[in-house]
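Everything below concerns the one structure shown next.
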Amino acid sequence: MQLVFATNNRHKLEEVATKIKGEFKLLTLNDIGCTDDIEETGTTFKENASIKSHYIYQKYKLNCFGDDSGLEIDALNGEPGVYSARYAGEHGNHAANISKVLQNLTGETNRKARFRTVISLIWNGEEHFFDGTVEGQIRTATSGTAGFGYDPIFEPDGYNITFAEMSLEQKNSISHRARAMDQLINFLNTVQD
Ligand code: IMP
C-alpha cells in the first residue's frame, strides 16, 4: 500500500520507515514527481501540516501525511513557533536563529520552552492529527555540535545536557518528532491489522 510522506527529508522518512510494519511503500514528494513549492501559510503547526497533506491528497489522490515542527518559548509568547526555520529572516540559517533567540531572552529568567511536532495524516479521505512535544529550558549559551536547528540551546527536562550533546539515538528516544511519529505508526499498524 502506497503512503506519501509530504517531505523530501530522507532522515525523516527513514525514521518512519524503520518503525512501520507490513506492506507500506513509503514515498517522498520526489518519488511521486511533486516539485511544487507547498507554501506554509498557516499560523499554527496544525494548519501547516494540514496544508501539506491536503495539497498532496487533492492533487494525487494518495494516502499521505505532512508534518510541521518548531520551538515555542514561553517568555517570547510562543515564538519562534511556526517561524522557527525563518526566525532571523534567512531560511535555514540556524546560527542566526539561535542568536536572535538568545538576544531576545537576555536577562530573562523564565527559560521554559518546548519543541512540538504535529502530523496530519489523510487516510482514506479522513484527516487524523498526531502531536508530540518535549518540554525543556533554553540555555544562555550554545553547547554541543550534534543535531541541527535550535539543538545547541535546548536542554530537555530531566537532563543536564542539550539536544546537541546527545547521540542521535538518545535524542530520537525522547524527541517531539519521534513522539508524534510513534503515534502515527501505532495508528498505521492498527488500521493494517
Ligand atoms: P520542520 O517543520 O521539521 O522542518 O522544522 C522547522 C524548524 O523548526 C527547523 O528548521 C528548526 O529550526 C526547528 N526544529 C524542528 N525540529 C527541531 C529539532 O529537533 N531540533 C532543533 N530544531 C528543530
Side-chain angles (χ1 to χ4, degrees), residues 4-16 28-30 37-56 64-73 76 78-105 111-121 129-139 141-159 161-184:
V4 180
F5 187 175
T7 184
N8 277 322
N9 184 326
R10 280 270 149 209
H11 297 291
K12 289 187 184 178
L13 189 88
E14 275 160 25
E15 197 178 322
V16 188
T28 61
L29 293 177
N30 274 338
D37 187 18
I38 308 171
E39 269 196 78
E40 299 182 13
T41 53
T43 56
T44 62
F45 299 126
K46 201 172 170 180
E47 277 173 22
N48 279 341
S50 202
I51 286 169
K52 294 181 213 176
S53 61
H54 277 91
Y55 186 92
I56 298 304
C64 62
F65 62 96
D67 72 328
D68 196 39
S69 310
L71 179 66
E72 293 175 342
I73 300 173
L76 301 180
E79 279 185 16
V82 289
Y83 305 105
S84 291
R86 48 198 149 121
Y87 193 44
E90 210 180 317
H91 189 84
N93 186 338
H94 297 317
N97 290 339
I98 285 179
S99 294
K100 185 168 176 183
V101 165
L102 292 180
Q103 183 76 37
N104 286 347
L105 287 178
R111 316 289 297 190
K112 228 177 144 13
R114 72 206 49 77
F115 274 119
R116 168 165 287 152
T117 294
V118 177
I119 295 172
S120 156
L121 167 74
F129 289 102
F130 307 97
D131 197 323
T133 58
V134 55
E135 298 284 337
Q137 303 281 328
I138 302 298
R139 290 273 189 93
T142 61
S143 199
T145 53
F148 72 103
Y150 299 92
D151 282 350
I153 53 169
F154 184 80
E155 180 183 303
D157 286 352
Y159 296 80
I161 55 174
T162 67
F163 263 178
E165 294 172 295
M166 290 185 172
S167 65
L168 188 60
E169 198 181 33
Q170 193 176 15
K171 180 184 165 187
N172 282 346
S173 70
I174 58 165
S175 85
H176 48 308
R177 189 170 300 100
R179 285 174 176 164
M181 291 292 180
D182 281 348
Q183 288 178 36
L184 168 78

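Atoms within each ligand, like the ligands themselves, are counted from 1 in listed order. This is a predicted model, so every value here is computed, not measured.
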Please identify each residue that fulfils side-chain contact (heavy atoms from CB on, under 4.5 Å) with Ser69, with sequence neighbours left out. Asp67, Thr117, His176, Arg177

NZ/NE/NH1/NH2 to OD/OE distance under 4.0 Å, Asp68 and Lys46: no

Please evaluate residues Leu184 and Phe65 with respect to the criterion side-chain contact (heavy atoms from CB on, under 4.5 Å), reporting the C-alpha separation (whole Å), side-chain torsions for both, the decisive distance (0.1 Å), and the verdict. CA-CA 9 Å; Leu184 168 78; Phe65 62 96; 3.7 Å; yes

Closest to atom 23 (C) of ligand 1 (heavy atoms only, candidates Tyr83, Tyr87, Phe154, Phe115) is Phe115

Look only at interatomic distance and state if His94 has a nitrogen or oxygen under 3.5 Å from any nitrogen or oxygen of ligand 1. no

Regarding Lys52 and Glu40, does a basic nitrogen lie under 4.0 Å from an acidic carboxylate oxygen? yes

Filtering Pro80, Ala49, Ser84 for the heavy atom nearest atom 7 (C) of ligand 1 leaves Ser84

With heavy-atom distances below 4.0 Å as the criterion, list the atoms of ligand 1 near Gly149. 21 (C), 22 (N)

Are Phe163 and ligand 1 in contact, using a heavy-atom cut-off of under 4.0 Å? no

Give a yes/no on ligand 1: does Gly70 have at least one heavy atom closer than 4.0 angstrom to it? yes

Answer with yes or no after comparing the ring centroid distance for Phe163 and Tyr150 against a 6.0 Å cut-off, counting only values under it. no

For Asn104, side-chain hydrogen bond (donor to acceptor under 3.5 Å, both in side chains) partners two or more places apart: Tyr87

Has Asp68 got any heavy atom lying under 4.0 angstrom from an atom of ligand 1? yes

Below 4.0 Å from ligand 1: does a non-hydrogen atom of Asn97 turn up there or not? no

To the nearest 0.5 Å, what is the distance between OG on Ser175 and CE on Met166? 10.0 Å

Within the structure, does Asp67 bring an N/O atom to less than 3.5 angstrom of an N/O atom in ligand 1? no

Just jot down the ligand 1 atoms closer than 4.0 angstrom to any heavy atom of Lys171, in number order. 18 (C), 19 (O), 20 (N)

Should you measure from each heavy atom of Lys12, which atoms of ligand 1 turn up under 4.0 Å away? 1 (P), 3 (O), 4 (O)

Polar side-chain atom of Asn48 near backbone of Phe45 as donor-acceptor pair, under 3.5 Å: no

